[in-house]
Enquirer: 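One structure, as structure tokens, below. Some questions next.
Residue numbering restarts at 1 for every chain, and letters A, B, ... go by the order of the sequence lines.
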Protein chains: 2
Amino acid sequence: MPAVKPDLETRLAEDHHQAIKLWLRLLTCTNLITGQIRTRLREHFQTTLPRFDLLAQLERHPEGLKMSELSKRMMVTTGNVTGITDQLEAEGLVRREPDPQDRRAFTVKLTPLGRQVFARMAQEHEGWVIELFEGLSSSEKEQMYTLLGKLKTHLNGKEARR
Amino acid sequence: MPAVKPDLETRLAEDHHQAIKLWLRLLTCTNLITGQIRTRLREHFQTTLPRFDLLAQLERHPEGLKMSELSKRMMVTTGNVTGITDQLEAEGLVRREPDPQDRRAFTVKLTPLGRQVFARMAQEHEGWVIELFEGLSSSEKEQMYTLLGKLKTHLNGKEARR
DNA sequence: TATTGTTATACTCTATAACTATA
DNA sequence: TATAGTTATAGAGTATAACAATA
């Protein structure tokens, strides 16, 4: 039906192309979701998304991560990682372990308490996320996960190559 | 090959399920991308992501949007929309038009300058985004766009129902 | 009374850069 | 000299709530 106009709500000027449309939509979805998650993390756990993200990074890396690695993974400066780590350490959720090979460096790890607290947060969090993502079927979520995996690999590759 | 361990880099504890894995990956990708885009928007255009997002919302709605609509779409409070709109209005990129039907309300629109500036930003921006997304093929980007569309519809539906 | 938008305030995150200690 | 991480500071976004004008 060539006579049907594109949906106004999602229409973009003709000179915008695939990648930017994708990015704008990704940005919109992410803002909608992060807004929800941020509110609920604050109300239920008195915490924030960057703090949650840092814990999640550590949960996936039981061997711990250097401050600089966290900085790269989270795309923020080491100064900012210091601040977030300070807060989490004050709450007893993470600890800095001195690096025996390099006395300037630390390895940041979850404490047992941190692992426990993150597990609880992650569990409740999962309920919210299931709700927010229930517009997609299981196989669609799987597809999206796979696509994001490719994207992530590419982005990490760019990062590593700098 | 059932004997092969899952990739450490992407492995999650067994009790994490599909939606949360998807969300954590989405969050990681988004952080990596927004970090890049934020830096470049600042360096090239002395602007920020929320400001860019607001302009992008208006670009997709030539008829203009109410402050409250912007607030909903961007998932931030009306107070914050006021602040961002003030900045953009001071730069001459948007303007508030009084609503003839409701003298409390405004319709925010792009000015011709705003449309021009956004077009320039969007063009350069597109180059960055193409680069950041080049880990995906054209058809993969299309798939992801479609999936995000479904997700967005669901999220907006939730919002509208509140 | 309820709603639209503004204002004020406090807190967090982010960016920049100077700095210390170590490599 | 270069690197890992800290500290200090300023700027921006965000949350909360009180407020004015209008519905």
Enquirer: Taking CD from A:Gln46 and P from C:dC11, how many angstroms apart are they, rounded to a whole number?
Expert: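 Checked: the CD to P distance equals 15 Å.
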Enquirer: Quickly, which of B:Leu27, B:Leu24, B:Leu26 forms a side-chain contact (heavy atoms from CB on, under 4.5 Å) with A:Leu148? Name it, please.
Expert: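 Considering B:Leu27, B:Leu24, B:Leu26, a side-chain contact (heavy atoms from CB on, under 4.5 Å) with A:Leu148 is found only for B:Leu26.
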Enquirer: Students often get this wrong, so: under 4.0 angstrom with heavy atoms, is A:Thr77 touching a base, only sugar-phosphate, or nothing?
Expert: base
Enquirer: Given side chains that start at C-beta, do those of B:Glu69 and B:His61 come closer than 4.5 Å, heavy atoms only?
Expert: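 When only atoms from C-beta onward are counted, B:His61 and B:Glu69 do not touch, as no gap falls below 4.5 Å.
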Enquirer: Let me check the geometry of the helix from C:dT1-D:dA23 to C:dA23-D:dT1. What is the bend angle between the axes at its two ends, five pairs each, to 10°?
Expert: 0°
Enquirer: Do A:Val117 and A:Leu110 have side chains that get closer than 4.5 Å, going by heavy atoms?
Expert: no
Enquirer: Remember a base hit wins even if backbone is also touched, and classify A:Thr48 as base, sugar-phosphate or nothing at under 4.0 Å, heavy atoms.
Expert: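 Sugar-phosphate, backbone atoms only, no base.
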Enquirer: Quick one: closest heavy-atom pair of A:Leu147 and B:Leu136, and the distance?
Expert: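 For A:Leu147 versus B:Leu136, the nearest heavy atoms are O-CD2, 3.5 Å.
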Enquirer: Just how far, in rounded Å, is P of C:dG5 from CG of B:Leu70?
Expert: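 Whole-Å distance recorded here is 9 Å.
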Enquirer: Just how far, in rounded Å, is P of C:dT12 from CG of A:Leu54?
Expert: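 In whole Å, C:dT12 P lies 16 Å from A:Leu54 CG.
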Enquirer: What is the distance from CG of B:Asp86 to C1' of C:dA8, rounded to the nearest Å?
Expert: 14 Å
Enquirer: Quickly work out the B:Arg103 CZ to C:dT6 P distance and round it to whole Å.
Expert: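 One finds 16 Å between P of C:dT6 and CZ of B:Arg103, rounded.
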Enquirer: For the pair made of NZ in B:Lys66 and C1' in C:dT3, what is the distance, rounded to whole Å?
Expert: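 Answer to the nearest Å: 12 Å.
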Enquirer: Would you mind reading off the distance between A:Leu41 atom CG and C:dT12 atom C1', rounded to a whole angstrom?
Expert: 14 Å
Enquirer: Using a 4.0 Å heavy-atom cut-off, does A:Glu43 contact any base of the nucleic acid, only the sugar-phosphate backbone, or nothing at all?
Expert: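 No contact at all - A:Glu43 keeps every heavy atom at 4.0 Å or more from the nucleic acid.
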Enquirer: Send over the distance from B:Arg42 CZ to C:dC13 C1', rounded to a whole Å.
Expert: 13 Å
Enquirer: With a cut-off of less than 4.0 Å, is there a side-chain N or O of B:Arg96 near OP1 or OP2 of C:dT6?
Expert: yes
Enquirer: Mind checking if A:Ser68 touches a base, just sugar-phosphate, or nothing, with heavy atoms under 4.0 Å?
Expert: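 Sugar-phosphate: the residue A:Ser68, judged by heavy atoms under 4.0 Å, touches backbone atoms but no base.
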Enquirer: Counting heavy atoms from C-beta on, name the nucleotide in C:dC13, C:dT4, C:dT6 closest to the side chain of B:Arg104.
Expert: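 Of the options given, the side chain of B:Arg104 lies nearest C:dT4.
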Enquirer: Would you call A:Lys66 and A:Asp99 a salt bridge, taking side-chain N to carboxylate O under 4.0 Å as the test?
Expert: yes
Enquirer: Can you confirm whether B:Leu55 sits close enough to B:Met121 that some side-chain heavy atom of one is under 4.5 Å from a side-chain heavy atom of the other?
Expert: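 Side chain of B:Leu55 against side chain of B:Met121, heavy atoms only: contact under 4.5 Å found.
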Enquirer: Tell me whether the rings of A:Phe45 and A:Trp128 are parallel (<30°), tilted (30 to 60°) or perpendicular (>60°).
Expert: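 Taking A:Trp128 first and then A:Phe45, their aromatic rings sit tilted (interplane angle of 30° to 60°).
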Enquirer: Using heavy-atom distances to pick each residue's nearest nucleotide on DNA chain D, tell me which of B:Gln101 and B:Arg51 is more 5'.
Expert: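 Residue closer to the 5' terminus by nearest nucleotide: B:Arg51.
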Enquirer: Among C:dG5, C:dA21, C:dA15, which nucleotide sits nearest the side chain of A:Asn80?
Expert: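 Among C:dG5, C:dA21, C:dA15, the one nearest the side chain of A:Asn80 is C:dA15.
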Enquirer: Walking along DNA chain D from 5' to 3', note the first and the last nucleotide with an atom under 4.0 Å from a heavy atom of chain A, and give both.
Expert: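 Contacts span D:dA2 to D:dT16, reading 5' to 3'.
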Enquirer: Please work out if A:Asp102 contacts a base, only the sugar-phosphate, or nothing of the nucleic acid, heavy-atom cut-off 4.0 Å.
Expert: sugar-phosphate
Enquirer: Output yes when a side-chain donor or acceptor of B:Gln57 lies under 3.5 Å from a complementary backbone atom of B:Leu70, and no otherwise.
Expert: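 Checked: no pair found.
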Enquirer: CD of B:Glu134: more than 12 outside heavy atoms within 6.0 angstrom?
Expert: yes
Enquirer: Does C:dA15 have OP1 or OP2 under 4.0 Å away from a side-chain N or O of B:Arg38?
Expert: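 B:Arg38 to C:dA15 OP1/OP2: side-chain N or O found under 4.0 Å.
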Enquirer: Taking the six-membered ring of A:Phe133 as reference, does the cationic atom of A:Lys141 (NZ for Lys, CZ for Arg) lie under 6.0 Å from its centre and within 45° of its axis?
Expert: no
